[in-house]
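Here is the structure we will look at.
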Amino acid sequence: MTVKLKEDTSSDEEDAPLSAAFQRNKRKIEDSDEENGSSKIKDEDIESADSDAALSKVANSRKTVKKAKKTMQKSDGGSSSVKAKKPRAKKATPPAKTTKSPKKIPKREHSVEQQNADPEDSIKETSESADEFKWWEKENDDETVKWTTLKHNGVIFPPTYEPLPSHVRLYYAGKPVDLPPQAEEVVGFFAALLESDHAKNPVFQKNFFEDFLEVLKESGGTRNGVEIKEFELCDFSKIFDYYQLQKEQKKQLSSQEKKKLKEEKEELEEPYKYCFLDERKEQVGNFRIEPPGLFRGRGAHPKTGKLKRRVYPEDVVLNLDKDAEIPKAPEGHNWGEIRHDNTVQWLAMWRENISNSFKYVRFAANSSLKGMSDFKKFEKARQLKDYIEAVRRDYTKNLKSKVMLERQIAVACYFIDVFALRAGGEKADDEADTVGCCSLRYEHVTLKPPTTVIFDFLGKDSIRFYQEVEVEKQVFKNLTLFKKPPKKPGHDLFDRLDPSLLNKHLQNYMPGLTAKVFRTYNASKTMQDQLDLIPNEGTVAEKLLKYNAANRTVAILCNHQRTVTKGHAASVEKATARIEEMEWQKVRLKKSIMQLDKSEVKKNPKYFAEVNDLVKEQEAAIHKRVIEKEREKFVKKFARDNEKRKFDNEEPLPESQLQEWMQKVDETEKAYAEELKTGKVQITNSDVEKLKSQVEKLEQRIENYTTQLKDKEDNSQVSLGTSKINYIDPRLSVVFCKKYGVPLEKVFTKSLRDKFKWAVESADENWRF
DNA sequence: GGAGAAACTTAGTACTCGAGAC
DNA sequence: GTCTCGAGTACTAAGTTTCTCC
């Protein structure tokens, strides 16, 4: 364990206390600045932050130069990224052995027939099951070695493409096109998305069309001589309709047929679902190779719509122990490589063609290795409790540092700590333009004196981060400084800073401390504080509502959003109408009581006060709505009953039946009109006590509905799941449930209970974050 | 020393399926 | 029994961090 912070005794005018490592980092930057002849401002040039004109020269920053260099390299065609690297050998572990060297992914045109995994080939069961293995009760001395033995059956490949029936075609300028299957498959990917927002996105259309033309060319062009040149002349609707029909037919299958299909699927997948990790049977997470399709990048991703090519066994690297039986590759194919690297947590990997990065097949969330990582993550965040004061004291002090880099680090730390910003690594030009703390640019931060800051930028997944906040006076001053001309839109706010520098600085306080840890720490700390405020009283539903409110506070802190679902507005409207109707029913019941026994009003006038709240127009509108619903209900019933009769070979109901029902509705309508006119209701029950009990029940239902509606509206744009799964220490939820008598399944789904088994079994009522 | 590969976590959306309303 | 809606899960994109190699 490390860390030490120098005594904070220096004045604001002195160079702030820095660790040796930090001083080294600082020097590095200066040297590199001199070498590349870019920003000539040395940090030490800054004497007084508010007055020094040198500070304004930072616009032509180190980072900007770095970026320019990168762009130049790119345009030189210096694409080293295509070449695969050797597996990374970690410290204190023998170099990973491979049976073949990594190689570039070959382009191919045919798909793979899935190997039929013979149950005989399946890994054999051994004694200990993952359920019995309580890793959290054991010591783990070597963190680099992840496993000793690892056996598995490989991966499942997506099914081969089945060409469309001959009557289903792409039409070009009104003419049917006969496409080779490879090109038809790509067209099918687009057609399937025809009614989605993706298909309306011009970038998506352009990328798809370019890749489609390339595949078409590779596969020999159209077979009936139609020359495809313009996207606008393509008509995908016939293919779209065909897919819709297929979907519909699938839906229409009988439950037995559906069950059979499900069983077949499960039987095929069974051997791949589990692996043997150190002789224990554990679940594999994503054992299916991603199917080909069109890349659906989020936000304004320049590559959205590009073709994600089919992955073949030759592209796949398997990782297992040296003595493990190597799974058979699908017929006619070989695995790309077999590796025996016990320092990593993946079972298989392949390189994808969109950003040339790797995709991995990993253990499931409930596996011991994933559990251990989670546990370590939360323990690290808890450890930050002991250092947070020092971190905060230092960044507050360094806000006034004479050294530019220190000031930038101080403000960045403040942002990360207070507003839970992500680190914000550099992004390439061929990715969506999203930012985090270190990559914030001039235009993302607006300053409103005296101390208001408006953040407006796109963060991870192109989710908008918009917040108008109050900051410390000195933070505001520094931001003004960081934005001083010649800096302008497009320039980095923290021109001296990147995540690796920031993290190096943080590691001077605590080993393993990085920007990310602050999010976990602040999320869990907030949850603990919120839960502490909940009184241990009321029903389970009430306690749960408060738990969710606490969860929501954390989700808002972390800016976890979700798009409002399509039917949200309609469903809110429906629920509001329903509450209104229940209120109206309640008023009618109370009016009945008043009519039956006038003395009731004298006894408790407050109880009847709301009777006059409902204005006539409102009441008339409710009457209209209720009657319409009634009519609709009978029309539907009539149609449904007849459908059934037809199926059972019975005579259909006569039209007069429907008329009879409608007549009843007409009578109710008349009665309501009379009520509206006279203000008196038709009494259906003359027992006052029974009426009162009905009012009580209705009040309870109204309350429940109103709470649900509020929860629904509050959660419409906030996603609670992400913080629950990734940021809130699960032991907090376990303790809450134990202490408050809330069943754990109300808070954690089955898969979360499995994922957090270590927390469920290790936290007692007194545990605190 | 830094670029970028590699490995891992975090994230929103799409899809499925079952409970409850009607 | 049917339909609707939402919870739960699967999927995979998009981050962060660590580490290797030139």
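By convention in this document, chain letters (A, B, ...) are assigned in the order of the sequence lines, proteins followed by strands, and residues within each chain are numbered from 1. We use all heavy atoms of the structure for the numbers below, so side chains are in, but hydrogens, waters and symmetry mates are not. Note that the structure is a prediction, hence the values are computed from the model and not measured.
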Original post:
Is A/N503 touching bases, backbone alone, or none of the nucleic acid, heavy atoms closer than 4.0 Å?
Top reply: sugar-phosphate
Original post:
To the nearest Å, how far apart are A/I416 CD1 and C/dT17 C1'?
Top reply: 13 Å
**OP:** Grab the CZ-P distance between A/R298 and B/dT10 for me, whole Å please.
**Re:** 16 Å
Original post:
Considering only B/dC8, B/dA11, B/dT13, which nucleotide approaches the side chain of A/R562 most closely?
Top reply: B/dT13
Original post:
Which part of the nucleic acid, if any, lies within reach of A/T563 when heavy atoms closer than 4.0 Å are counted: base, sugar-phosphate only, or nothing?
Top reply: sugar-phosphate
Original post:
Regarding A/S357 and A/E352, is there a side-chain donor-to-acceptor distance under 3.5 Å anywhere?
Top reply: yes
**OP:** Respond yes when some side-chain nitrogen or oxygen of A/R288 is under 4.0 Å from OP1 or OP2 of C/dC11, and no when none is.
**Re:** yes
Subject >> First encountered from the 5' end of DNA chain C, between A/C437 and A/E290 >> reply: A/E290
**OP:** Would you indicate which nucleotide in C/dT17, C/dA13, C/dT9 comes nearest to any side-chain atom of A/K750?
**Re:** C/dT9
Original post:
If you pin A/M349 and A/T722 to their nearest nucleotides in DNA chain B, which one's is more 5'?
Top reply: A/M349
Subject >> Atom-to-atom span, CG of A/L421 to P of B/dT10 - whole angstrom >> reply: 17 Å
Original post:
At under 4.0 Å, does any side-chain N or O of A/R296 touch on OP1 or OP2 of C/dC11?
Top reply: no
Subject >> A/R382 and A/E379 ion-paired at < 4.0 Å >> reply: yes
Original post:
Is A/H560 near enough to B/dT10 that one of its side-chain N or O atoms lies under 4.0 angstrom from OP1 or OP2?
Top reply: no
**OP:** Look at A/K359 and C/dA13 and indicate whether a side-chain polar atom (N or O) is within less than 4.0 Å of OP1 or OP2.
**Re:** yes
**OP:** Taking the six-membered ring for Trp and the single ring otherwise, decide whether the centroids of A/F295 and A/H301 are under 6.0 Å apart.
**Re:** yes
Subject >> Protein-nucleotide distance (A/L193, atom CG; B/dT13, atom P), rounded to Å >> reply: 16 Å
Subject >> Nearest to side-chain heavy atoms of A/D461, which nucleotide of C/dA14, B/dA6, B/dC8 >> reply: C/dA14
Subject >> Residue whose nearest DNA chain C nucleotide is more 5′ - A/K460 or A/L752 >> reply: A/L752
Original post:
Is it the case that A/N286 and A/R362 place a side-chain donor and acceptor less than 3.5 Å from each other?
Top reply: no
**OP:** Have a look at A/A432 and say if it touches a base, only the backbone sugar-phosphate, or nothing, with a 4.0 Å heavy-atom cut-off.
**Re:** nothing
**OP:** Report yes if a side-chain nitrogen or oxygen of A/K427 is closer than 4.0 Å to either non-bridging phosphate oxygen (OP1 or OP2) of C/dG15; otherwise report no.
**Re:** yes
Subject >> Interatomic distance where CZ belongs to A/F748 and P belongs to C/dT9 [whole Å] >> reply: 13 Å
Original post:
Got a salt bridge between A/K427 and A/D433, using NZ or NE/NH1/NH2 to carboxylate O under 4.0 Å?
Top reply: no
Original post:
Are any of A/T749's side-chain N or O atoms less than 4.0 Å away from OP1 or OP2 of C/dT9?
Top reply: yes
**OP:** Mind calculating the distance between CG (A/N366) and P (C/dA10) to the nearest angstrom?
**Re:** 10 Å
Original post:
Base, sugar-phosphate alone, or nothing: which one does A/I463 contact when heavy atoms must sit under 4.0 Å apart?
Top reply: sugar-phosphate
**OP:** Give a yes/no answer on whether the side chain of A/Y727 brings an N or O atom under 4.0 Å of OP1 or OP2 in B/dA11.
**Re:** yes
Subject >> Nearest-neighbour nucleotide for the A/T520 side chain, B/dT10, C/dG15, B/dC8 considered >> reply: B/dT10
Original post:
The side chain of A/R519 lies closest to which of these nucleotides: B/dA11, B/dT10, C/dT17?
Top reply: B/dA11
Original post:
When all nucleic acid strands are considered with a 4.0 Å heavy-atom cut-off, which category describes A/G424: base, sugar-phosphate, or nothing?
Top reply: sugar-phosphate
Original post:
Does A/K377 have a side-chain nitrogen or oxygen under 4.0 Å from the phosphate oxygens OP1 or OP2 of B/dC8?
Top reply: no
Original post:
Is it the case that more than 12 heavy atoms not belonging to A/Q246 sit under 6.0 Å from its CD atom?
Top reply: yes
Original post:
Is the phosphate of C/dT16, meaning OP1 or OP2, less than 4.0 Å from a side-chain N or O of A/T514?
Top reply: no
Original post:
Taking atom P of C/dT12 as reference, at what distance in whole Å does atom NZ of A/K306 sit?
Top reply: 19 Å
**OP:** Give the nucleotide from the list B/dC17, C/dT16, C/dT9 with an atom nearest to the side chain of A/K262.
**Re:** B/dC17
Subject >> Closest-nucleotide ordering on DNA chain B, the 5'-leading residue of A/N559 and A/Q345 >> reply: A/Q345
Original post:
Of the nucleotides C/dT17, C/dT18, B/dG12, which one has an atom closest to the side chain of A/Q507?
Top reply: C/dT18
**OP:** Report yes if at least one side-chain N or O of A/K516 is closer than 4.0 Å to OP1 or OP2 of B/dT10; otherwise report no.
**Re:** yes
**OP:** Check the surroundings of atom NZ in A/K746: do more than 12 heavy atoms from other residues, nucleotides or ligands lie under 6.0 Å from it?
**Re:** no
Original post:
Side chain of A/W346: nearest nucleotide among B/dT9, B/dA7, B/dA11?
Top reply: B/dA7
Subject >> Worked verdict on A/F465 versus A/H444 for ring pair (Phe, Tyr, Trp, His ring centres under 6.0 Å) >> reply: CA-CA 10 Å; A/F465 185 100; A/H444 297 135; over 10 Å; no
Subject >> Side chain of A/P291 - closest among B/dT9, C/dT12, C/dT17 >> reply: C/dT12
Original post:
For B/dA11, does OP1 or OP2 lie under 4.0 Å from any side-chain N or O of A/R422?
Top reply: yes
**OP:** Quick one: sort the A/W346 and A/Y360 rings into parallel, tilted or perpendicular, breaks at 30° and 60°.
**Re:** tilted
Original post:
Closer than 4.0 Å, any side-chain N/O of A/S500 to the OP1 or OP2 of C/dT17?
Top reply: no
Subject >> Any A/S373 side-chain nitrogen or oxygen under 4.0 Å from OP1 or OP2 of B/dT9 >> reply: yes
Original post:
A/L347 has an atom CG; how far is it from atom C1' of B/dC8, in whole Å?
Top reply: 14 Å
Original post:
Looking only at side-chain N and O atoms, does A/K370 come under 4.0 Å of OP1 or OP2 in B/dT9?
Top reply: yes
Original post:
Within the structure shown, what part of the strands sits under 4.0 Å from A/E431 by heavy-atom distance: base, sugar-phosphate, or nothing?
Top reply: nothing
Original post:
How would you label the contact of A/G297 with the nucleic acid (heavy atoms, under 4.0 Å): base, sugar-phosphate, or nothing?
Top reply: sugar-phosphate
Original post:
What nucleotide, of B/dT10, C/dA13, B/dG12, holds the atom closest to the side chain of A/K308?
Top reply: C/dA13
